[in-house]
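Before any comments, here is the structure.
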Amino acid sequence: MIGAYGRPLAAELVAAVAEFLETDVRAATSGQVNFHARVAANALRIVERELLDEGDEECGAALAGLGVADEEQLAAAIRAGELDARADDVTACLRTLVRRRLAVAHPGYDTE
């Protein structure tokens, strides 16, 4: 699917800059600049995965199953004790949310 602004897509632009940092910049630098290029490339890869992430439906369904619209409402309901009787459902929902975050931030860490 082509975005509203045509090609390249935002994720493609981010990936191109990350690739540049990972290859050209890191090969031409050392020390602190090399390390910062690596950190910047890793940050851009996270942004790229966020832009490409399609896990909203799964997380939305998990939240809706508990009768909340978003994570803020979930946190408020947990703090208020409104979901105490549904601890297993809350745990399953939290696992879904955390798995999605890990898949974006640290691929490979999202499996049990």
Q: Go through the steps for R38 and R26 under the test side-chain contact (heavy atoms from CB on, under 4.5 Å), then give the verdict.
A: CA-CA 7 Å; R38 183 177 186 177; R26 292 209 55 222; 3.7 Å; yes
Q) What heavy-atom pair brings L63 and E71 nearest, and what distance separates the two atoms? A) CD1-N, 4.1 Å
Q: Say whether L97 and V104 are linked into one hydrophobic cluster, either directly or through other cluster members, by side-chain heavy-atom distances under 4.5 angstrom.
A: no
(Q) Tell me whether E19 is salt-bridged to R45, with the criterion being a basic N under 4.0 Å from an acidic carboxylate O. (A) yes
Q.
Restricting to non-hydrogen atoms, name the atom on C93 and the atom on L66 that form the minimum distance, rounded to 0.1 Å.
A. CB-CD1, 3.5 Å
Q.
If I compare all heavy atoms of L13 with all of P8, which pair ends up nearest, and what's the gap?
A. CD2-CG, 3.4 Å
Q: With the side chain counted from C-beta on, respond yes when L83 and D89 share a heavy-atom pair under 4.5 Å apart, and no when they do not.
A: no
Q) Quick one: CG on L74 to CG on L94, what's the gap to the nearest 0.5 Å? A) 5.5 Å
Q | Side-chain heavy-atom pair R49, L52 within 4.5 angstrom cut-off | A | no
**Q.** Minimum-distance pair of heavy atoms, taken over all atoms of T29 and N34
**A.** O-ND2, 3.1 Å
Q. If you take all heavy atoms of G65 and R86, which pair is closest and at what distance?
A. O-NH2, 2.8 Å
Q: Return the minimal non-hydrogen interatomic distance between L21 and A37, and the atom names on each side.
A: CB-O, 3.9 Å
Q: Using atom types as modelled and distance alone, determine if a side-chain donor or acceptor of E50 lies under 3.5 Å from a backbone N or O of V47.
A: no
Q | Neighbour count above 12 (heavy atom, 6.0 Å) for R100 CZ | A | yes
Q: Check whether any side-chain heavy atom of I46 lies under 4.5 Å from a side-chain heavy atom of E48, and answer yes or no.
A: no
Q: Flag yes if L51 and F20 sit in one hydrophobic cluster, no otherwise; membership is Ile, Leu, Val, Met, Phe, Trp, Tyr, and two members link when side-chain heavy atoms are under 4.5 Å apart.
A: yes
